[in-house]
Amino acid sequence: MPELPDVEVFRRYLASTSLHKKIDGVEAPGPRVLKGTSPSGLGRVLKGREFTSTRRHGKYLFVRADGGGGAKSLVLHFGMTGYLEYFEGGPGPGVDMDHARVVVDFSGGAHLVYIAPRQIGLVTWTGDEEGFIEEKGLGPDAMEIDRDGFVELMRGRRGDVKSALMDQSLIAGVGNIYSDEILFQSGVRPDAKAGDLGGKKLREVHRVMRRVLKAAVKARVDPERFPRGYLLPRRVEGAECPRCGGRVKTMKAVGRTAYYCPGCQKG
DNA sequence: AGTACCACCTGACGGC
DNA sequence: TGCCGTCAGGTGGTAC
């Protein structure tokens, strides 16, 4: 799940559970997700500190850890299957500890666990969040970029609009699922050329993008809670289009499967 | 600049 | 039941 809305939900979860607790130590039973650090390295950085604030940029989550020398932040990226669990005492029966990759132990017996069945994901630390974002080549966050900036970025692109929306160096946060939703609600086919859309349509895509991401966060990314008329809960080949009653179809775009409604998306 | 693959991992699912 | 191919919401690298 982890696109911008999912990561925003994780951020709020972490902020409501894990701030202002002393960190006793860190374990990394899945060290493959650690990049540029080691289990002991991460432990040395975090031990004795406490998380004080959170920040999301695109699909990355930064967690500021204060109480030691210099600024240090935990950096989390959730790959395709990652998420967080917090618990006090032992893990409940529903917690998938088999796939726990990083565990932060707080004094008093609470734990924050980064779980990722497929170890595609990233956990590290940085002393410079801005520098990290720059190194990764991330564009502005999809909820932060303004309308004119968005139109400028999209204009002059020769590739498919879907791949432009998903290009993290242009705009950070949109992935395969939400690009489908945004294009569906904008009435634009996934294989339309971004540069062919025109200013008016691009402004509409920008407005729809903001609305969709916001609604997804509000729905806590639960498809059942999405507003009516959303494609996401019907994102299945042959399903009934929630707007026109036609059939949802798929096509390949940038090596990914795009779901769309030929009846609603003609642009 | 854009695309087309491959790779990294694991699990679920359909077909035989 | 088992084996096999395919697919899955991520990014990063290479080669054309």
Side-chain angles (χ1 to χ4, degrees), chain A residues 1-10 28-36 56-61 75-84 96-102 114-124 132-139 141-142 152-184 190-197 209 212-213 215-217 219-224 226 230-239 248-260:
Chain A
M1 341 153 180
E3 298 183 33
L4 183 152
D6 310 86
V7 179
E8 179 61 20
V9 170
F10 299 156
R32 206 176 280 277
V33 299
L34 299 183
K35 304 285 157 61
R56 184 192 53 69
H57 186 100
K59 302 173 186 174
Y60 285 85
L61 177 55
V75 183
L76 303 171
H77 185 285
F78 298 91
M80 292 169 86
T81 59
Y83 60 97
L84 298 172
D96 181 15
M97 290 303 286
D98 287 352
H99 296 115
R101 308 306 184 189
V102 176
Y114 169 96
I115 297 173
R118 292 158 72 182
Q119 304 192 50
I120 299 174
L122 177 159
V123 177
T124 190
F132 183 92
I133 289 166
E134 198 168 317
E135 263 175 49
K136 285 284 170 187
L138 300 177
D141 184 79
E152 276 314 301
L153 281 179
M154 290 292 148
R155 195 170 257 163
R157 297 253 116 207
R158 298 155 59 71
D160 293 354
V161 62
K162 181 177 170 69
S163 76
L165 285 175
M166 290 172 55
D167 185 337
Q168 303 299 298
S169 70
L170 291 180
I171 315 160
V174 177
N176 198 23
I177 292 272
Y178 287 97
S179 60
D180 280 353
E181 186 68 55
I182 292 161
L183 293 172
F184 171 69
D191 58 355
K193 304 301 167 202
D196 289 348
L197 287 181
M209 174 176 80
V212 164
L213 296 175
V217 172
R220 281 165 283 161
V221 298
D222 178 353
E224 305 275 306
F226 275 63
Y230 271 58
L231 175 66
L232 228 125
R234 305 272 177 282
R235 196 173 172 276
V236 176
E237 173 131 49
V248 172
K249 291 189 61 174
T250 63
M251 71 164 86
K252 284 287 173 193
V254 217
R256 318 294 296 280
T257 304
Y259 291 76
Y260 71 108

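Per chain, numbering begins at 1; letters A, B, ... match sequence-line order.
In this structure, Leu232(A) atom CG and dG9(C) atom P are separated by 11 Å, rounded to whole Å. One interatomic measurement links the two molecules: OH of Tyr83(A) to P of dA8(C), which rounds to 21 Å at whole-angstrom precision. Lys252(A) has its NZ atom 13 Å from the C1' atom of dG9(C), to the nearest Å. Rounding to whole angstrom units, CD of residue Glu237(A) and P of dC13(B) are separated by 18 Å. When rounded to the nearest whole Å, the span between CG of Leu61(A) and P of dG10(C) equals 17 Å. What separates CZ of Arg256(A) from C1' of dC7(C) is a distance of 11 Å, to the nearest Å. One atom, CE of Met166(A), and another, P of dG12(C), lie 13 Å apart when rounded to the nearest Å. The distance from atom CD of Gln119(A) to atom P of dT11(C) is 18 Å, rounded to the nearest whole Å.
Here dG11(B) is the nucleotide among dG9(C), dA8(C), dG11(B) with the atom lying nearest to any side-chain atom of His99(A). Distance from the side chain of Lys59(A) is smallest to dT11(C) among dT11(C), dA8(C), dG9(C). Nearest nucleotide to the Met80(A) side chain, out of dT3(B), dG10(C), dT10(B): dG10(C). The side chain of Arg158(A) approaches dG2(B) more closely than any other nucleotide in the set dG12(C), dG2(B), dA8(C).
Interatomic distance, Asp196(A) CG to Met154(A) CE, rounded to the nearest 0.5 Å: 13.5 Å. The distance from atom CG of Asp141(A) to atom CZ of Arg56(A), rounded to the nearest 0.5 Å, is 4.0 Å. With rounding to the nearest 0.5 angstrom, the CG atom of Leu213(A) is 8.0 Å from the OH atom of Tyr178(A).
dG9(C) is unpaired under the Watson-Crick or G-U wobble criterion, no partner having all donor-acceptor distances under 3.5 Å.
Side-chain atoms of Arg118(A) and base atoms of dA8(C) include a donor and an acceptor less than 3.5 Å apart.
Considering only heavy atoms from C-beta on, Asn176(A) stays 4.5 Å or farther from Val254(A) through its side chain.
Distance check on atom P: dG10(C) versus dA1(B) gives 23 Å, rounded to whole Å. Across dC8(B) and dC3(C), the matching P atoms stand 23 Å from one another, rounded to whole Å.
Between dT11(C) and Lys35(A), no contact under 4.0 Å exists linking OP1 or OP2 to a side-chain N or O. For the pair Thr257(A) and dA8(C), the criterion of a side-chain N or O lying under 4.0 Å from OP1 or OP2 is met.
Ring-centre distance between Tyr114(A) and Phe78(A): below the 6.0 Å cut-off.
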